[in-house]
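Beneath this line is the structure, given in structure tokens, with notes to follow.
Predicted model only: the values in this text are computed from it and were never measured. All chains are named by letter (A, B, ...) in the order of the sequence lines, taking the proteins before the strands, and each is independently numbered beginning at 1. These numbers come from the heavy atoms of this one structure, side chains and all, not from hydrogens, waters or symmetry mates.
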Amino acid sequence: MTALRRIFSEMTSRHGLGVALFVAGAVLFWVLVLVVLPQIAMLDYSFRHNLPRAELGGPRDAHTLANYRYFLFGNGAGFNTLDMGVLLKTLAAAVFVTLLDILICYPIAFILAHSASGVGLRLMVIGLIVPFWINEILRAFAFRVLFGATGVINGIGQALGFWSTPVDFVRADVALYAGLAYAYVLLMVFSIYNAVETLDRNQIEAARDMGASWWRVHWRVVLPIAKPGIASGATMVFMLTAGALAAPQILGGPSNLWFTQLIYQWFNDAGDWQRGSAYATILLVVCLVFVFLMMRVFRVSIAAIGR
Amino acid sequence: MTKDVVLDHVSIRFGSYTAVDNAHLSIQGGEFFSFLGPSGCGKTTLLRCISGFVQPTEGRVLIGGQDMRNVGPNKRPTALIFQNLALFPLLSVAENIAFPLEVRGVSRKNRRRRADELLEMIALPGTGDKKVHELSGGQRQRVAIARALAADPDILLLDEPLSALDLKLRQHMRTELRAIQQRVGLTFIYITHDQGEALTMSDRVAVMNAGVIEQVGDPKTIYNRPRTPFVASFVGETNRIPGEVVSQHGTTVTLSTPVGPLAGQSGGGRDHAPGAACQLFIRPEQLVVAGDGASPNRFAADCTAEEFEGSVQTLHLKAAGLPLRLCRMNAGNVAVAGPGAGALTLSFDPEAAIVLPYGTEADAAA
Ligand SMILES: Nc1ncnc2c1ncn2[C@@H]1O[C@H](COP(=O)(O)OP(=O)(O)OP(=O)(O)O)[C@@H](O)[C@H]1O
Ligand SMILES: [Mg+2]
């Protein structure tokens, strides 16, 4: 609170009261109206019964844990293994996509920060950014075309004789993982880039000079500097992947259900906003817990991520 | 083991820009060798070439008689101490020092022991577990030296390692560095733009200007017998008197100058034709206020200002419109000549003055 007050008075003295008030008002509106209130409303929803309009405010309109109980136990006596399985699978897939992105983006970010220069650098940045001018749904469909039975990849693979019958990349979820990984590459690249860019080139050369192999230079010198960037990138990619809807909808194989699709079904198909809210809350809480756990394991502080 | 370093006609170009132009010299094993030159003259580039981060565009670098082309920086027997030290901020002091050992797969325990030994040597015992940012500038400096020594190199390359320190610490570290060098007996190649540093520490100095090595020699020769106008004016204070050659007998050249005929030594043993435009360099401490006796190179000057610094007194003079400086030790005499004392008669030993032609960069290295 004192920190906030200090920021406010600093801004007042530097930019004047009007600007300070505007910024304070905008931030307050953003946090309160756009973030906190909807979340509270959803939380409240998740503890209520799905009642017909006439009964709202009536005696049956009380708080309940029924929606959460449903996630755990379903309608019957045993565990609701189906929904829990979907959640676990979603988390695992999100972790996989995050790891994939780290693997892809770490070298790119390093090259951007320390090797590329001039035209090469600009081309790389443009190459990274331009694909994201295209709408997300369109991009997902493009991946479907790319990976489809008669798609480009199958075409090339068959033409070169790697395989003879079309491979069903969509059913194998290759298309989904590729699409998701691709969708958040930019976030990961720039997070890691931000961190790696602060590394003094001389440190790399010093390590080289002392006989270190490239592998060790990265492990001991570059990676520790990149760690906060990787953590913040990984957090974003993980959260966004776990919460993605369009890509799983379009690229997911017929057997693959994403947890967000369950939420979507409760809201839209079943019209049960209360249960949908409960499921959304579950996803949010589980993801947050998982992220904090990972940060503990890898010894990353929140402050490091905020940089 | 010490190894000598030979630069065999090394030129380094970045595009059309020549950073190092035809450097040709050899540095003996166990020597403290300095490259001295102003900022941007190519010193770092040359050092990076010896350590293997830059390939010579022309010529060869030989270490211990072996051609270093295609030998990577991690495979050379050199250790480079960077201009900004380049210590690893996220590793502890001991981990920094032990890094070269870690690379070689030395066990954790032996690494720690060697790091502690080196910390002892640089007079920082017990700081192994600190982080680098918890050390002072001078301490970091010494950690960087220890880390380079841990690599057990034959040749230590130092890129202006003292430039970030304050004056007092710098002077202390000069003595320290020289002592370390004598103790470990390695070849030190030292880069600096501070002539005091180069002269006090080195066995030999190479003076660089705009990529060209203008003179190589021991500190006394560099200071007393500069071969080029650049070396004469860059290393130490000097007075410059333009003139025209009258005659040359052996190495002694007589010039006619605005203040009268003056004699000096031909720098670099060049022969000068009568009538050639030349300049005479004489150090402020070699100028003396002459008595009545017969002394060579006598001329008149007016004192315009006096600086009294305790042990040393500096007179600012004007002779025939030329500004000159004269330094002398304080003799304890209150009534020394000062401004307004009227015309003084100055003189200097012809052996102490150097006569050089203009624009001698090209034939200087010969
Ligand atoms: N990689 C490079 N590409 C292009 N030009 C370079 C490169 N490295 C150095 N130069 C140029 O070479 C010249 C010499 O640089 P260098 O770093 O060797 O100077 P220096 O003598 O070490 O100077 P300082 O005392 O300021 O460190 C400079 O003009 C610099 O701009
Ligand atoms: Mg330099």
Which pair of heavy atoms, one from A:Ile225 and one from B:Pro89, lies closest together, and at what distance? CD1-CG, 4.4 Å
Exceeds 12 heavy-atom contacts within 6.0 angstrom, atom CZ of A:Arg299: no
Taking a cut-off of under 4.5 angstrom between non-hydrogen atoms, the residues of residues 25-45 of chain B near chain A are none
Given A:Asn202, which of B:Leu80, B:Leu85, B:Asn84 fulfils the side chain to side chain contact (heavy atoms under 4.5 Å, CB included) condition? B:Asn84
Among residues 97-135 of chain B, which residues come closer than 4.5 Å to chain A, judged by heavy atom distances? B:Phe99, B:Pro100, B:Glu102, B:Val103
Heavy-atom neighbours of A:Phe132 CZ exceed 12 at 6.0 Å: yes
Residues B:Arg147 and A:Ala206: closest non-hydrogen pair is NH2-CB, 3.7 Å
Sort by residue number and list every residue of residues 64-75 of chain B having at least one heavy atom under 4.5 Å from chain A. B:Pro73, B:Asn74
Report, in residue-number order, which members of residues 208-221 of chain A are under 4.5 Å from chain B by heavy-atom distance. A:Arg208, A:Asp209, A:Met210, A:Gly211, A:Ala212, A:Arg216, A:Arg220, A:Val221
Which bit of B:Arg48 comes within less than 4.5 Å of chain A, counting heavy atoms only: side chain, backbone, both or neither? side chain
